[in-house]
Amino acid sequence: MAQPLVKKDDDRDDEAEYSPFLGIEKGAVLQEARVFNDPQLDPRRCSQVITKLLYLLNQGETFTKIEATEVFFAVTKLFQSRDIGLRRMVYLMIKELSPSADEVIIVTSSLMKDMTSKTDMYRANAIRVLCRITDGTLLTQIERYLKQAIVDKNPVVASAALVSGIHLLQTTPEIVKRWSNEVQEAVQSRAALVQFHALALLHQIRQNDRLAVSKLVTSLTRGTVRSPLAQCLLIRYTTQVIREAATSQTGDRPFYDFLESCLRHKAEMVIFEAARAITELNGVTNRELTPAITVLQLFLSSSKPVLRFAAVRTLNKVAMTHPMAVTNCNIDMESLISDQNRSIATLAITTLLKTGNESSVDRLMKQITNFMSDIADEFKIVVVEAIRSLCLKFPLKYRSLMNFLSNILREEGGFEYKKAIVDSIVILIRDIPDAKENGLLHLCEFIEDCEFTYLSTQILHFLGTEGPKTSDPSKYIRYIYNRVHLENATVRAAAVSTLAKFGAMVDALKPRVFVLLRRCLYDGDDEVRDRATLYLNTVGSDGEVIETDKDVKDFLFGSLDIPLANIETSLKNYEPAEQPFDINSVPKEVKTQPLAEKKAPGKKPAGLGAPLSGPPSTVDAYEKLLSSIPEFSDFGKLFKSAAPVELTEAETEYAVNVVKHIFDRHVVFQYNCTNTIPEQLLENVTVIVDASEAEEFAEVASKPLRSLPYDSPGQTFVAFEKPEGVPAVGKFSNMLRFIVKEVDPTTGDVEDDGVEDEYQLEDLEVVAADYVMKVGVSNFRNAWESIGPDFERVDEYGLGPRESLAEAVSAVISLLGMQPCEGTEVVANNSRSHTCLLSGVFIGNVKVLVRLQFGIDGPKEVAMKLAVRSEDDNVSDMIHEIVASG
């Protein structure tokens, strides 16, 4: 029966029917390959069979060793044919089959004959194939021919030799490096492609020699490069040299004049490459940017989509660091919002959102509204994130921007897109107080018809945190209680928790909330019933209008300052006993390190690394170890164990590192020792600690190590007493003292007599950061407000000249030893101000939060404003003392 005609353009799904390779099978093609053995070869048919074989190989089809060998030998017979088209297919087939060393010999003579042929096409392809399939031994035999080919008058042959050199440089660099003179000659070639490949190879040969690369760039930037492709390469190499020279040179930037001159080149690719290189220079100034921006602005109105896309993408990147430099292009970019290419339109919009001023916001919003329905979700997410940044930049425009976000939230879209919108609204509510009530209502309307469980639960949780703080919390109750009736069990459970928060935080609403919670006791899901029961019994008072106890609020709704991974580990290790599980026993460290101590390269782990298995948290394991030692058993609960500090150089006779264990009134130094000399046994190993530069510390106990055989880690301990709750600091000098006994390496016998010896170790310091534990908070603003301003201390400090703002931020974080929150440890490039948020727990289990505001005052002078809030005024003062003395 005749098939109905189907137009290819109308039905894309049927495109596969037009493939000439549809339905071909390996077995049938291998049968067809027998035509290679015919006495009278048919070049056209042979080419068709090779094409099918190449298709199968490129589709991932695997040939057995026997099949590949048979095909290879059959293909070699085709060298008899003088058909140029068939010969090119033969070359391709041999390259793809990658014959083994014993099979290569069969075709080597034919390929070498072709390499010296008068037909240029044969010569070029034979060079490519030979270099692909031969090893270093054969390569030395044909090296002379390859050198000649590099400077051949025919550009096809020269390019083939140069490209082969680029590939061979990975496997036999010593041979290719001998071709430098020929390659340098090829760089001066008039053929565009030869010059391009020659420059690429010459740079790869010299890439590990910075001076040679610099000389190469210097010589070529004087105008000897004609090929646009080679010119683009040269621009990239020049940028690399500029980047490396930036650290050592001051004054005018080297080679900038060359990059600027390339902006006037006749080839568009060179102009764009130069413009992009200028915009990506480290610390680029507005004066340097101006000519590049002008060129990119011209590209925005080009008739070629690729040029428009390249220009707007580059301007988009520039707008992140130099938004004012891009504002001149805004009119041109506004015309691109209606561009047929949606990628160009999206980039234009996001760039405009970064560079636009407050007066242009409303106009942009109107244009974007028409545009959003035409683009895919991934582009919409980019636009949403740009709108969020714009709203934070111009907070007075929050109404129009928030309305826009709420409108697109009601439209169709996938999970990632909706999540991006919800995240944006949440951030705007947190950072712009006036936007809170408006934003919460938009979120309430969204969960009325939200198909994503994750988003519903997140919004309900956020509503429970922010809703009770609004002027009229009661208006949100209806939206929350609707979820109890209309949603799945997960959302219903979240809604119950949110209702309970309103009841606990807003005393006037408690009776009404209790009525709703009692209805939840008959829910079909046990989690929902359990939550309702818990809240009814703990919030208490039978729903009377009285204030909920603070301890109950903290227990039910307080922030959990313990990492969930640590709770999980502690619960798994908990053994049922008469004493209930104590959540205060769970370590609060943010990161649980592996127990293997930091060690010198090539050595086994010293200290606790060897004997213990499994991944318990560091504090857990150290606490068990220290409590098992009688001298330290009455020191109380371990507050913190610092990361190991090396006290010896790598590859020395003895490897020693130390771990500082901080208790409320004591500090214990655990010295992890490893003996790296096979002919020695160390006995009675101790560390003599001189605390003359640590006046507040007094040594109270030590525990020597009885024996330290070769390559077997051991520990010795020294304990000091210090004033309770005070972050005492000091410097300690350390001397390793032991008795050395000789060991017979053949029998392993140890001599009876030993010699007392000493080994000087590096000094050790106890610093203020040792008394602060890194503990993160999920919502810094809420945590800051919950601590309150009672014990807040604010002061300003000059940090002196610094290389960059990032260096100053990093130095203060290291000094305080606290956990950066919400990614604020990252400083944007070229930023002149920055805010960093830190959290932690001070010794004595006192929560402390720090807000750091940095600014560059004068040439590289950094000023800092430090605000500290904690649960104890002494701790707030101590944090300031640490910074003042640091």
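Annotation: side chain of Ser870 is not in contact with side chain of Ile787 (no heavy-atom distance under 4.5 Å). Side-chain contact check for Ile425 versus Leu409: some heavy-atom pair is nearer than 4.5 Å. For the pair Val883/Met864, a side-chain contact is recorded, criterion being any heavy-atom separation below 4.5 Å from C-beta on. Within the 4.5 Å cutoff, the side chain of Thr538 has heavy atoms near those of the Leu534 side chain. Side-chain contact between Leu638 and His661 is present, with heavy atoms from C-beta onward closer than 4.5 Å.
Between the Lys640 side chain and the Val772 main chain, a donor and an acceptor come within less than 3.5 Å of each other. Proximity of a side-chain donor or acceptor of Arg483 to a complementary backbone N or O of Tyr479 within less than 3.5 Å is detected. Under the 3.5 Å distance criterion, the side-chain polar atoms of Ser456 are matched with a main-chain donor or acceptor of Phe452. Remark: the backbone N or O of Pro468 is not paired with any side-chain donor or acceptor of Tyr476 at under 3.5 angstrom. Formation of a donor-acceptor pair under 3.5 Å by the Arg869 side chain with backbone atoms of Trp784 is found in this model. In this structure a side-chain-to-backbone donor-acceptor pair under 3.5 Å is present from Arg531 to Ala493. Between the side chain of Asp770 and the main chain of Val766, no donor-acceptor pair closer than 3.5 Å is present. Checked by atom type and distance alone, the side chain of Asn734 pairs as donor or acceptor with a backbone atom of Glu762 at under 3.5 Å. Distance alone, capped at 3.5 Å, places no donor-acceptor pair between the His322 side chain and the Thr279 backbone.
The two residues Ile381 and Ala420 come nearest to each other via the heavy atoms CG2-CB, 4.0 Å. Contact detail for Ala325 and Leu289: the closest heavy-atom pair is CB-CD1, 4.1 Å.
For His666, the ring-ring contact (aromatic ring centres under 6.0 Å, His included) criterion is met by Phe635, not counting sequence neighbours. Every residue two or more places apart in sequence or in another chain that forms a ring-ring contact (aromatic ring centres under 6.0 Å, His included) with Tyr454 is listed here: Phe415.
The aromatic ring centres of Phe663 and Phe632 sit 6.0 Å or more apart. For an aromatic pair to be called close, the ring centres must be under 6.0 Å apart, and Phe732 with Phe697 satisfies this.
At a threshold of 4.0 Å, the pair Lys865-Glu796 does not count as salt-bridged, since none of the basic side-chain nitrogens sits closer than that to a carboxylate oxygen.
Looking only at atom types and distance, the side chain of Asp763 has no donor-acceptor partner in the side chain of Ser733 under 3.5 Å away. Ser474 and Asp472 share a donor-acceptor pair across their side chains, judged by distance under 3.5 Å alone. A donor-acceptor contact closer than 3.5 angstrom links the side chains of Ser497 and Tyr535. At a cut-off of 3.5 Å, with distance as the only test, a side-chain donor of Glu437 or Ser471 sits close to an acceptor on the other residue.
To the nearest 0.5 Å, atoms OG1 (Thr465) and CD1 (Ile429) are separated by 11.5 Å. Residue Cys836 holds its SG atom at 11.5 Å from CZ of Arg851, rounded to the nearest 0.5 Å.
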